[in-house]
Structures are given as structure tokens and as C-alpha cells.
Amino acid sequence: MNENLFAPFMIPVMLGIPITTLIIILPSMLFPAPNRLINNRTIAIQQWLTKLTSKQLMNVHSPKGQTWSLMLISLFLFIASTNLLGMLPHSFTPTTQLSMNVGMAIPLWAGTVTTGFRNKTKMSLAHLLPQGTPTFLIPMLVIIETISLFIQPVALAVRLTANITAGHLLMHLIGETTLALMNINLFSAFITFTILALLTILEFAVALIQAYVFTLLVSLYLHDNT
Amino acid sequence: MTSVVPLKEKKLLDVKLKELPSWIIMWGFIPKGIAGTFQRGYYWYYNKYFNVKKGSIAGLSMVLAAYVIFNYCCSYKELEHEQPREYH
């Protein structure tokens, strides 16, 4: 049973070739590009949603920070669509792989830090020290803030991976429990099924929330550095 | 039985069963041709189900259902052990 548990997280292979790239490209095929002034329903809904999220996300930034809007909105759409597609039965979610999330987190975080260092060196270095600290605590706090700065990309990646993986695992386990309990005691199987239903609703929310959190934090790091 | 019209111009429904293997081999699997086929297929599906004035959820649902079935086929080997059979 142990090997079965993590089988959904193994890289899907078709005829000996890993098809991960195709699965990562798939969500982008579900977002057609707008051609005209008034588009079909699919594009209209997507445009409305994009406008809503971009206004919400990019409101707080200066014009310099708003140059990042394309990057952040596409990041949000990618993570949200990938997570939601992973909710389908038997599907493979690329965001459960730590490699992909670290590959997303480190360049974005490094980009925000580099922007801050290049354009506003004094201010970005000043972020390493919170306001109002007693003088004798300064060296230690600088070290602590530097460590917390370097932990940001790792935290971004691991947060996303762990949330999605844990959610999928829980659903898998509770589903198997329900099936196993059906022959033993029908009422407890029903209770477990209710738990599964609630968990599924939670997972849908988590899929979206995780995308939002990831993007929000990147934008936060950006705000500090512009 | 030989056919009057040359094989190359026939579409799938016009090909007789005996000529099917030679019809398939005739394609010539070059990457540009395969990419062209995918592009044409994508736009055919898009124009039929999405790019209409009153598109419904059916277009998207069919794609997602096909995706689910594709993933099921890919992971059938691991799922075989979970089936309630007497002999695996």
C-alpha cells in the first residue's frame, strides 16, 4: 500500500518517455487569446477574471512595480489552473514536484532582490534592520534578517509543494478509508464520506488560495524592493 | 480490388479496409506535418465549440473528460492492483 500511496506523484511516463512537459503545457491551451473587441464567452469570462485579479494584486505597487504585472498575473493563472486541473481524478499535478516549485520560486525571488539592490541599494539594505531596534541588538538582528531573506524562496516553494501534496494524499487516504469501511460499518463509512466531500471543497479552495499566496508574496517582495 | 481514385487524396472514411495500412504509411511522419495536424485539430475544435456566440460548458467538459480518460489509461498498470478481483 505504501508504494500505491505515492504513485500519483510519480512522473507520468508514456511508452517510456516522460510526458511532463505536455502536461505542463496543457493549461495554457485552455486559455485562448482574445482576437477581437468582443470575444466569445470563454475569452470574455477569462478576461473579466484576469482584470479582477490584476486590479486586486497590482493596486499596491508603484508604476515601477507594475511593470511586473504580466509576470505575476501569468504566474497566478499558471499555478491556479495547474492546481485545479490536478483535482481531476487520476491526473498528475506538476506543482507537487518540488523541483518545479523551486524553479519558479528562486528566479522570481532573486529578481525582486536584484531589482532592489540595483535601483535602491540603500533602501533594500535598510530592510535588513527593523525600525526601532536597540543598538546593541543590531548585529544579531542583521544576521537574523539576512537568514530570513534567504529562506524566502525555499519557503515559497516548499509551502506550495507541501500544501498541494498533503491535500492530495489526504483525499486519497480518506477515500480508501471510506471504501474499506463500507463492508464493516456503513454509518462510519457515511461519516467518512462526508469528511471527504468537505475536504474536496477545501482542496478546491486551497488550489486557488495557494496560487494567490504565492503570487502575493512575490509581489510583496517586489514592493519592498521598488 | 484496386481503386480508381489515387490513394493520396482520400480521406479516412473513403479508404477501403484493405488499403488502410498503406494509407497510414503514406502520411510520412515528419515533425512539421505532425505539428500541422495538431494545429489544425486544435483550431477545428476551438472554432466548433469555443469560438461561437453562445458557447456552453460542453466544449471545456469534453476536453477535461478526455484528459481524465487519458490519465486513467496511462496509470492503468498501477491501478490494476486495486481492483476487487479474485486473481490479479
Side-chain angles (χ1 to χ4, degrees), chain A residues 1-20 22-36 38-47 81-82 84-94 96 168 172-173 175-180 182-183, chain B residues 12 20-88:
Chain A
M1 185 185 129
N2 283 333
E3 192 227 276
N4 265 343
L5 208 51
F6 289 103
F9 300 120
M10 294 200 305
I11 300 197
V13 168
M14 184 171 75
L15 306 173
I17 309 170
I19 49 171
T20 326
L22 293 174
I23 296 187
I24 292 181
I25 291 177
L26 176 73
S28 70
M29 294 209 280
L30 300 174
F31 291 106
N35 285 326
R36 310 172 174 181
I38 300 186
N39 294 294
N40 53 49
R41 277 184 183 176
T42 316
I43 296 183
I45 293 177
Q46 285 166 2
Q47 268 181 330
S81 58
T82 314
L84 283 174
L85 273 179
M87 296 297 296
L88 292 169
H90 303 303
S91 57
F92 171 70
T93 322
T96 53
H168 284 227
H172 204 209
L173 282 170
E176 283 201 1
T177 313
T178 315
L179 277 176
M182 271 204 308
N183 295 326
Chain B
L12 178 61
L20 197 61
S22 51
W23 184 80
I24 292 181
I25 294 174
M26 176 207 75
W27 285 350
F29 294 92
I30 50 173
K32 190 175 172 192
I34 294 183
T37 313
F38 275 124
Q39 206 175 22
R40 265 183 292 129
Y42 178 77
Y43 281 115
W44 167 79
Y45 190 83
Y46 179 64
N47 286 326
K48 184 161 184 192
Y49 287 104
F50 282 90
N51 212 5
V52 287
K53 204 167 177 186
K54 290 191 163 192
S56 69
I57 197 79
L60 184 64
S61 317
M62 282 199 280
V63 176
L64 295 181
Y67 183 55
V68 170
I69 295 177
F70 172 71
N71 280 314
Y72 182 73
C73 295
C74 275
S75 48
Y76 181 70
K77 265 203 161 334
E78 285 108 37
L79 290 169
E80 234 181 347
H81 299 289
E82 292 175 13
Q83 284 177 355
R85 289 187 197 154
E86 194 175 338
Y87 300 108
H88 278 246

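Being a predicted model, the structure only gives us computed values, none of them experimental. Side chains are part of it too, since the values below use all heavy atoms of this structure and drop only hydrogens, waters and symmetry mates. Below, read A as the first sequence line, B as the second, and so on, with proteins coming before strands; counting in each chain starts at 1.
- Residues of residues 42-49 of chain B placed with any heavy atom under 4.5 Å of a heavy atom in chain A are listed by number as B/Tyr42, B/Tyr46.
- Contact annotation for residues 52-60 of chain B against chain A (heavy-atom separation below 4.5 Å, listed by residue number): B/Val52, B/Lys53, B/Lys54, B/Gly55, B/Leu60.
- Between the CZ atom of B/Phe50 and the CG atom of A/Leu30 there is a distance of 7.0 Å, given to the nearest 0.5 Å.
- When the side chain to side chain contact (heavy atoms under 4.5 Å, CB included) test is applied to A/Ile24, the partners found at least two apart in sequence or on another chain are A/Thr20, A/Phe78, A/Pro94, A/Met100.
- Atom CG in B/Asn71 sits 8.5 Å away from atom CG in A/Leu88 (nearest 0.5 Å).
- Heavy atoms of A/Thr42 lying under 4.5 Å from chain B belong exclusively to its side chain.
- Under the rule for a side chain to side chain contact (heavy atoms under 4.5 Å, CB included), the partners of B/Phe70 that lie at least two apart in sequence or sit in another chain are A/Met14, A/Ile19, B/Cys74.
- Contact between B/Tyr67 and A/Phe92 at its shortest, heavy atoms only, is OH-O, 3.9 Å.
- The CG atom of A/Asn39 lies 8.0 Å from the CG atom of B/Asn51; values are rounded to the nearest 0.5 Å.
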